[in-house]
2 protein chains.
Amino acid sequence: MNRPPRKPINSRFLRTLVGYNARRASLQIMGVFIQRMAPLDLRPVDFSVLCLIGHNPGITSREICRELHLLAPNLVRLLARLDQRALVRRQAHPEDGRAVGLSLSEGGQALLAQAECEVAALEVDVTADLSDAERAQLIALLQRVYR
Amino acid sequence: MNRPPRKPINSRFLRTLVGYNARRASLQIMGVFIQRMAPLDLRPVDFSVLCLIGHNPGITSREICRELHLLAPNLVRLLARLDQRALVRRQAHPEDGRAVGLSLSEGGQALLAQAECEVAALEVDVTADLSDAERAQLIALLQRVYR
DNA sequence: TATTGTTATACTCTATAACTATA
DNA sequence: TATAGTTATAGAGTATAACAATA
């Protein structure tokens, strides 16, 4: 009946680390993302790729990999799944015969629009304790770490 | 000879997301962590566990799992490795016969001290573009996301 | 009956080498 | 010779179910 008395754990050193806190926050948000986006069948990385293709019609696999720090072999299956769901189109690249230009089908565009809407909403929810200014500042600080 | 002209990619939507930026920053820092801590043979999660044991002698597996959001089966191998390296000691828990109290050996304490020093240094390096105040603010904002 | 620690295991994610076709 | 895309695959990380010992 009684909850076991939780001993307070000393995690002071870990809490002073940007790396530790960034990872914990990232995992927290990704967990919410996976749950909320399950109806659309989109993992975080699927969404990121769909988003890049949608806003950069004709983009190549290589460019996606460079932008998202993905490895080319791991993008193949992901794109195959999006292709199988008829969300993306592949067309011959106009200048480079080796490359393939990617763009969204109409269904892909519709799904992206819906996904962006849902992602924007869950972002607000998961950062509910932050004001708009604080949220913007958090993003700016994070970008100065990884850019 | 000429670098291929890099087309600017539109990733504006992704960049507005705390989740995307937190993940990118986290991966960036973890990459540096893994490289710099390789001489000590400590991954981020190894360090976190070592740190908790060091600052909480007698802590149990269950408490570590709860504090770090780890799953118990995945902690078994990790602790076995630390044990094999003679970094941790296991003693019977004074109150609960099922549990095992964990603490650091002298070697474990020495390694932790060295590791904390190195981690503090790499944290400063990886956030070199941030002032102390900005770094503290970044941490405070991140904690308000996941706590 | 519930909890700690454990084993076994499946699934996913990440990384590397090597191939093809084009440049 | 170098690059885009692909295949196959190995290794690491993450997840669930089930068990023994203890509460």
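Letters A, B, ... mirror the listed sequences (proteins, then strands); counts begin at 1. Owing to the predicted nature of the structure, the values given are computational and were not obtained by experimental measurement.
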With sequence neighbours excluded, residues passing salt bridge (charged side-chain N to carboxylate O under 4.0 Å, His left out) with [X]:
X        : answer
B:Arg81  : none
A:Arg62  : none
A:Arg98  : A:Asp96
A:Asp129 : none

Tell me the interatomic distance from [X], atom [atom1], to [N], atom [atom2], rounded to whole angstroms.
X       : N      : atom1 : atom2 : answer
A:Leu75 : D:dG5  : CG    : C1'   : 10 Å
B:Leu79 : C:dT4  : CG    : P     : 15 Å
A:Leu68 : C:dT14 : CG    : C1'   : 15 Å
B:Gln91 : C:dG5  : CD    : C1'   : 16 Å
B:Met30 : D:dA12 : CE    : P     : 15 Å
A:Arg62 : D:dT6  : CZ    : C1'   : 14 Å
B:Leu78 : C:dT6  : CG    : C1'   : 15 Å
B:Arg90 : C:dT4  : CZ    : P     : 16 Å

Judged by each residue's nearest nucleotide on DNA chain C, which is more toward the 5′ side, B:Val76 or B:Ala99?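 The residue whose closest nucleotide sits nearer the 5' end is B:Ala99.
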
Given side chains that start at C-beta, do those of B:Leu141 and B:Leu138 come closer than 4.5 Å, heavy atoms only?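 No, their side chains stay 4.5 Å or more apart.
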
Go through the structure and list residues passing side chain to side chain donor-acceptor pair (under 3.5 Å) with A:His69, not counting sequence neighbours.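 With neighbours one apart ignored, the set is B:Arg24.
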
Which part of the nucleic acid does B:Ala72 contact within heavy-atom distance under 4.0 Å: base, sugar-phosphate only, or nothing?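 Base: the residue B:Ala72, judged by heavy atoms under 4.0 Å, touches a nucleobase.
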
Base versus backbone protein contacts along nucleotides 13-23 of chain D [heavy-atom cut-off under 4.0 Å; B, S, -]: SBBBB---BBS

